[in-house]
Number of protein chains: 2
Amino acid sequence: MAPAPAPTHPLVRHLRSTTDITSDDLDALLSLMRDQQDVDKGYEVVREGDHPTRCCLLLTGFACRYKLMSDGSRQIVAFNVPGDLPDLLSLHLGVMDHSLATLAPSRLAYVPHDALRQLTAERPKLTACLWRQTIIDSSMFLEWMTGLGRRAAPSRLAHLICEVMARLAIVGLVDEGQTILPVTQADLADALGLSYVHVNRILQEFSREGLLDFRRRLLTVHDWPRLKEIAEFDPTYLHLMQPATID
Amino acid sequence: MAPAPAPTHPLVRHLRSTTDITSDDLDALLSLMRDQQDVDKGYEVVREGDHPTRCCLLLTGFACRYKLMSDGSRQIVAFNVPGDLPDLLSLHLGVMDHSLATLAPSRLAYVPHDALRQLTAERPKLTACLWRQTIIDSSMFLEWMTGLGRRAAPSRLAHLICEVMARLAIVGLVDEGQTILPVTQADLADALGLSYVHVNRILQEFSREGLLDFRRRLLTVHDWPRLKEIAEFDPTYLHLMQPATID
DNA sequence: CGCATCTTTGAGAGTAATCAAACGCGGTGG
DNA sequence: CCACCGCGTTTGATTACTCTCAAAGATGCG
C-alpha cells in the first residue's frame with residue numbers, strides 16, 4: 001500500500017504558499033508555538049473588546065471571525081482554516097474590534113506578543129512575511145465586501161465556497177472535490193449577509209443543478225468549472241505564490 | 001483677530017492620531033515624499049492588475065479604492081482622505097487586486113517601494129507603525145463589511161457619513177459640522193451596495209428629518225448625536241490614540 | 001428513545017432594484 | 001446675456017429579490 005504523505009505542518013504549507021519565508025525564519029516562528037490547547041466547537045478565542053497579549057495559530061479545526069450587532073445578528077467576516085494566524089492583527093492593535101471563535105473542535109497554538117515582537121524586531125524578512133500575511137487577509141476582506149455589496153446571492157454563495165475550497169486545498173484538506181466544511185447553513189448565512197432560509201434554498205438549487213451538495217458538513221463539488229463561473233472566482237486576491245491548487 | 005492655526009501636514013496629523021510614531025521616524029518618512037504631483041478628479045493612481053513600484057500619499061483632495069465587476073458595476077471599498085497612504089499595501093503585494101482613483105482634484109506624493117523597504121529594514125518602530133496602519137485599514141473594511149451584510153440601508157449610509165466625518169475631522173477638514181465631501185450620490189451608492197436612486201431617497205429622508213443635508217458636495221450635519229445613534233457608530237474600530245474628535 | 005440542532009417548506013410582507021423620464025444647476029460658447 | 005449642454009439629482013411606477021414568521025421534517029447524540 002502507498003504510504004500516507006508526510007504530514008506537513010499546516011502553518012508551513014500556508015506560509016510557503018503565500019510568502020517566500022525562509023526555513024530559518026519559519027523555524028524561529030515555529031519554536032514559539034509550544035503552548036498548545038485543544039478546544040471544543042464554539043470556543044471563543046478572543047472577544048471584541050479584549051486586549052490580547054498573544055496571538056494564536058489554528059492547527060486543526062475551523063474558526064471564524066465575526067462582529068455582533070446590537071440586534072443580536074452576527075456578521076461573519078472571515079473563516080479560518082488550519083495554518084491560519086486568525087488574530088495576528090492583535091499584535092499591533094490594542095483592542096480587538098471583532099471576535100474569534102471555533103466552529104469545530106480545534107487545536108490551537110499560542111504565541112505571546114512579546115516573543116513575536118522581539119522576533120520581528122530582529123528579523124525584517126520574517127516581519128515582511130507576516131505583514132504580507134495581514135495584508136492578504138485584508139485582500140480577502142475586500143473581495144468579500146465586493147461580494148456583499150454587488151454580487152447576487154447565488155454568486156455570493158458560490159464565491160464563498162470557491163474561496164474556502166481553495167484555502168482548504170492549500171493545506172491538503174480537499175480530496176476529490178470533497179471536504180469537510182464544519183459550518184451550518186446559518187453560519188453561511190451570517191457570512192453572506194443572507195437569511196439561513198434563503199441560503200438553504202440556494203443550496204437546494206445548486207444541488208438540483210448537479211453543481212454541488214452540502215449536507216451534514218460534507219461539501220462535495222461536482223462541477224468545479226461551473227462553480228467558478230457562477231462565482232466569477234479569480235484567485236488573484238489570495239496572492240498565492242503558485243497558481244491555485246484546484247482545477 | 002485670532003491667527004489661523006499652524007497648518008500641519010496631513011500625514012503627520014493622521015499618523016500621530018493612530019500610532020505612536022516618533023518625530024524621528026516621521027521625518028525619515030517625510031523625507032522620502034519629495035516627488036509630488038497634482039492630478040485631476042477621476043485620475044487612476046493604480047489599477048487592478050498593476051504591479052506598482054511605489055506607494056502614494058494623499059496630500060489634498062479625495063480618493064477611493066474600488067473593484068469593478070464584470071457587469072460594469074463598481075464596489076467602492078474605501079474612501080481616502082488627506083493624510084492617508086491609500087496603497088501602502090502594495091509594498092507587500094505583487095499585484096494590485098483593486099484600483100485607486102481620485103474623486104476630486106488632488107495632490108499626491110510618491111514614495112518608491114525600494115526606499116520604503118530600506119527604511120523599514122532599518123527602523124522596526126516605524127515598520128510597526130506602518131504595519132499597524134494597514135491593519136487599521138483592515139479594521140475599517142471589517143466594519144464596512146458588517147454594514148453591507150447586516151445594516152439596513154439608512155443605518156449603513158449614516159455609518160459611512162460618520163466614519164468619513166470622523167476621519168476628515170482628524171485632519172482638520174470639518175468645520176462646525178460642515179465639510180466638503182467631494183462625491184456624488186452615485187459614488188455613495190457604489191460604496192454602500194445600493195442603487196443611487198435609493199441613496200437619494202434616504203438622503204431626502206435624512207434632510208426632511210433635519211438630520212443632515214448633502215447638496216452639491218457640501219455635507220452639513222445638523223444632529224450629530226442622532227446620526228451616530230442611527231448609525232450605531234462606535235469609533236473603536238478606527239483605533240485612534242485619542243478619543244474621537246467630533247462630539 | 002428522546003431531545004437538541006439543523007434543515008426544509010410555505011405563505012405573506014417589505015425593502016430595494018430597475019426603468020424611464022424630467023428637472024436643476026453650473027459652465028461654455030455664441 | 002442668453003441658449004445650450006452635461007452632469008447629477010429627483011420622481012414615479014413597476015418588478016423582484018430576500019426576509020420574516022411559523023411549523024414540520026431530519027439527523028445525530030446521549
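For clarity, every value in this text was computed on a predicted model and none was experimentally measured.
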Practice item. Tell me what A:L194 touches on the nucleic acid: a base, only sugar-phosphate, or nothing, going by heavy atoms under 4.0 Å. Key: sugar-phosphate
Review point. Which part of the nucleic acid, if any, lies within reach of B:R156 when heavy atoms closer than 4.0 Å are counted: base, sugar-phosphate only, or nothing?
Key: nothing
Calculate the interatomic distance between [X] atom [atom1] and [N] atom [atom2]; express it in whole Å.
X: B:E205; N: D:dT9; atom1: CD; atom2: C1'; answer: 17 Å
X: B:L148; N: C:dA16; atom1: CG; atom2: P; answer: 13 Å
X: A:L203; N: C:dT8; atom1: CG; atom2: C1'; answer: 12 Å
X: A:D213; N: C:dT7; atom1: CG; atom2: P; answer: 14 Å
X: B:R217; N: D:dC7; atom1: CZ; atom2: P; answer: 12 Å
X: B:D187; N: D:dC7; atom1: CG; atom2: C1'; answer: 12 Å
X: A:L188; N: C:dT7; atom1: CG; atom2: C1'; answer: 12 Å
X: A:R151; N: D:dC17; atom1: CZ; atom2: C1'; answer: 18 Å

Practice item. Please work out whether the ring planes of A:W144 and A:F79 are parallel, tilted or perpendicular, with thresholds of 30° and 60°. Key: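 Tilted: the ring planes of A:W144 and A:F79 meet at 30° to 60°.
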Revision key, fill the gap. In 5'-to-3' order, the base (B), backbone-only (S) or no-contact (-) status of each nucleotide in nucleotides 20-30 of chain D, using a 4.0 angstrom heavy-atom cut-off, is BB-----SS--
Review point. B:A152: what forms a side chain to side chain contact (heavy atoms under 4.5 Å, CB included) with it, not counting sequence neighbours?
Key: B:P154
Check your understanding: Quick one: on DNA chain D, does B:R150 or B:T184 contact a more 5' nucleotide (nearest heavy atom)?
Key -> B:T184
Check your understanding: Does B:Q185 place a side-chain N or O at less than 4.0 Å from the phosphate oxygens OP1/OP2 of D:dC7?
Key ->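 No, because none of the side-chain N or O atoms of B:Q185 sits under 4.0 Å from OP1 or OP2 of D:dC7.
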Point to revise | B:R208/B:E205 ion pair, N-O < 4.0 Å | key: yes
**Study point:** Side chain of B:Q204 - closest among C:dT8, D:dT10, C:dT9
**Key:** D:dT10
Review point. Which residue lies toward the 5' end of DNA chain C, A:R215 or B:I202, if each is placed at its nearest nucleotide?
Key: A:R215
Is the side chain of [X] donor-acceptor paired with the backbone N or O of [Y] at a distance under 3.5 Å, no angle test?
X: A:T184; Y: A:D187; result: yes
X: B:D87; Y: B:S90; result: no
X: A:T60; Y: A:R107; result: yes

Practice item. With the side chain counted from C-beta on, respond yes when B:L173 and B:R167 share a heavy-atom pair under 4.5 Å apart, and no when they do not. Key: no
